2 protein chains.
Amino acid sequence: MRLTRAGEYAIRCMVYLAHKGKGIQVSKQEIAERADIPAHFLAKIAQDLARAGLIAIKQGPKGGYSMLKNPEEISLLEVVEVMIGEIFLNDCVGRPRTCKASKQCSVHKVWEEARAQLRRTLGKVNLAELSESDSCIPVFLVHN
Amino acid sequence: MRLTRAGEYAIRCMVYLAHKGKGIQVSKQEIAERADIPAHFLAKIAQDLARAGLIAIKQGPKGGYSMLKNPEEISLLEVVEVMIGEIFLNDCVGRPRTCKASKQCSVHKVWEEARAQLRRTLGKVNLAELSESDSCIPVFLVHN
DNA sequence: ATAAATAAGATATTTAATGTCCTATATACA
DNA sequence: TGTATATAGGACATTAAATATCTTATTTAT
Ligand code: SF4
Ligand code: SF4
């Protein structure tokens, strides 16, 4: 796996929205500034998040983004995988056909185990936890 | 982190050498063929492995590569990190200065934990285990 | 209607991975 | 000692992906 900038930005965006609460609408500009995300890039990321059913997008004046679910219901894993696809550490775990050895390969098994462990770790934490305590909110968000 | 082709090839090369045993010399061509690695690419990878002290390279006729340590002494993590550098899942874990929030960030802590866990998992397995049992040897290696 | 705000897609720009090629160097052996 | 063999080392080409920006279209509050 590789956490891309888009992935990192998506997390920041979701944590910011989670901090506001479910259904609270926030403008793209505000999110971009406070979470330090290039505004145009955020637009693309928001489209992905909306397509995945995580946020609602409202157009027009007073438009903006809002969370569709409760922050507790969204895991970090979910946000990450919306942006970068299902997590794998080695290609052969996701597409075993890419290596004819995969069935017998002990290295393959290690990558599978490591992957499962990683997804468990990321799946365990939700956006509520990540946004609720002071220490969970990136410092560039504090002045609100 | 992202396991590059170079990383995957390095693992195959080391597993193949481990299968032969410490100090046993094998030609570049043999490794390239049996482990399905582009020969020219293997040359570059071997240079990295040699620089890291994992293998010895002998030039000239009857030249080739050989393991310098016992397979039990080399972990999968070691091989991977020689090729792709120290493992991180998010940039901010390796270079906290890239994000001013890193000190206070709860997401950051999750990435740190996940990283430690991953490195532990890869550090636990060594090349002896990976090469010893039949099932550990990729099928393209069996005819030896 | 108008202006504000995002949508959607096209298009750079940058960066990294991957693979190849060429010349140099080391070494076994005739 | 010379020659053929095999790798070293660095330069270069190709490909792919991430990142960012720009333009035009659409939606909607007023
Ligand atoms: S050799 Fe094993 S780890 Fe490597 S690509 Fe094949 S199955 Fe995966
Ligand atoms: S917001 Fe947190 S997780 Fe994201 S880059 Fe900054 S410190 Fe790392």
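Sequence lines set the chain letters: A, B, ... in the order given, protein chains first and strands last, and positions in each chain run from 1. Treat the numbers as computed from the prediction; the structure is a model and nothing was measured.
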Of all residues at least two apart in sequence or in a different chain, which pass the side chain to side chain donor-acceptor pair (under 3.5 Å) check with [X]?
X: B/Gln29; result: none
X: A/Arg51; result: A/Asp48
X: B/Lys62; result: none

To the nearest angstrom, how far is [X] atom [atom1] from [N] atom [atom2]?
X: A/Leu42; N: D/dA20; atom1: CG; atom2: C1'; value: 13 Å
X: B/Arg2; N: D/dA18; atom1: CZ; atom2: C1'; value: 10 Å
X: A/Asp36; N: D/dA20; atom1: CG; atom2: P; value: 11 Å
X: B/Gln25; N: D/dT5; atom1: CD; atom2: P; value: 18 Å
X: A/Arg12; N: D/dT19; atom1: CZ; atom2: P; value: 12 Å
X: B/Gln47; N: D/dA6; atom1: CD; atom2: P; value: 18 Å
X: B/Phe41; N: D/dT7; atom1: CZ; atom2: C1'; value: 17 Å

Should the pair [X]-[Y] be classified as a salt bridge under the 4.0 Å nitrogen-to-oxygen rule?
X: A/Arg115; Y: A/Glu86; result: yes
X: A/Lys109; Y: A/Glu113; result: no
X: B/Lys20; Y: B/Glu30; result: yes

- Message: Does a side-chain N or O of A/Tyr9 approach OP1 or OP2 of D/dA20 to a distance below 4.0 Å, or not?
- Response: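 Indeed, a polar side-chain atom of A/Tyr9 lies that close.
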- Have a look at A/Ala46 and say if it touches a base, only the backbone sugar-phosphate, or nothing, with a 4.0 Å heavy-atom cut-off.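 Nothing, no heavy atom under 4.0 Å.
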Between the protein and nucleotides 11-15 of chain D, list every N/O to N/O distance that falls short of 3.5 Å.
{"from": "D/dA11", "atom 1": "N6", "to": "B/Lys44", "atom 2": "NZ", "distance (Å)": "3.3"}

- Message: Under a 3.5 Å distance rule, please check whether A/Ser66 uses its side chain to pair with a backbone N or O of A/Gln25 as donor and acceptor.
- Response: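 The answer is no, because no donor-acceptor pair under 3.5 Å joins these two groups.
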- Item | Candidates A/Val26, A/Ile37, A/Ile45, A/Leu54 - the one meeting side-chain contact (heavy atoms from CB on, under 4.5 Å) with A/Cys13 |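 The passing option is A/Ile37.
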- Where along residues 58-69 of chain B does a heavy atom come under 4.0 Å from DNA chain D, residue by residue in number order?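 Output list: B/Lys58, B/Gln59, B/Gly60, B/Pro61, B/Lys62, B/Gly64, B/Tyr65.
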- Message: Looking only at the side chains, is there a donor atom on one of A/Glu73 and A/Asn126 sitting less than 3.5 Å from an acceptor on the other?
- Response: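 On atom types as modelled, these side chains do not qualify, holding no pair under 3.5 Å.
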- Item | Test item: side-chain donor near acceptor, A/Ser106 and B/Glu129, under 3.5 Å |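 No - no donor-acceptor pair under 3.5 Å links their side chains.
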- Item | Residues B/Lys69, B/Glu78; criterion salt bridge (Lys or Arg N to Asp or Glu O under 4.0 Å); working and verdict | CA-CA 12 Å; B/Lys69 303 190 200 177; B/Glu78 206 175 334; 3.2 Å; yes
- Where each residue is assigned the nucleotide of DNA chain D containing its nearest heavy atom, which of A/Arg5 and B/Ala43 is assigned the position nearer the 5′ end?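 The answer here is B/Ala43.
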- Task: Check every nucleotide of DNA chain C for an atom under 4.0 Å from a heavy-atom of chain B, then give the first and the last such nucleotide from 5' to 3'.
- Result: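 With heavy atoms of chain B under 4.0 Å away, the range is C/dA17 to C/dC29.
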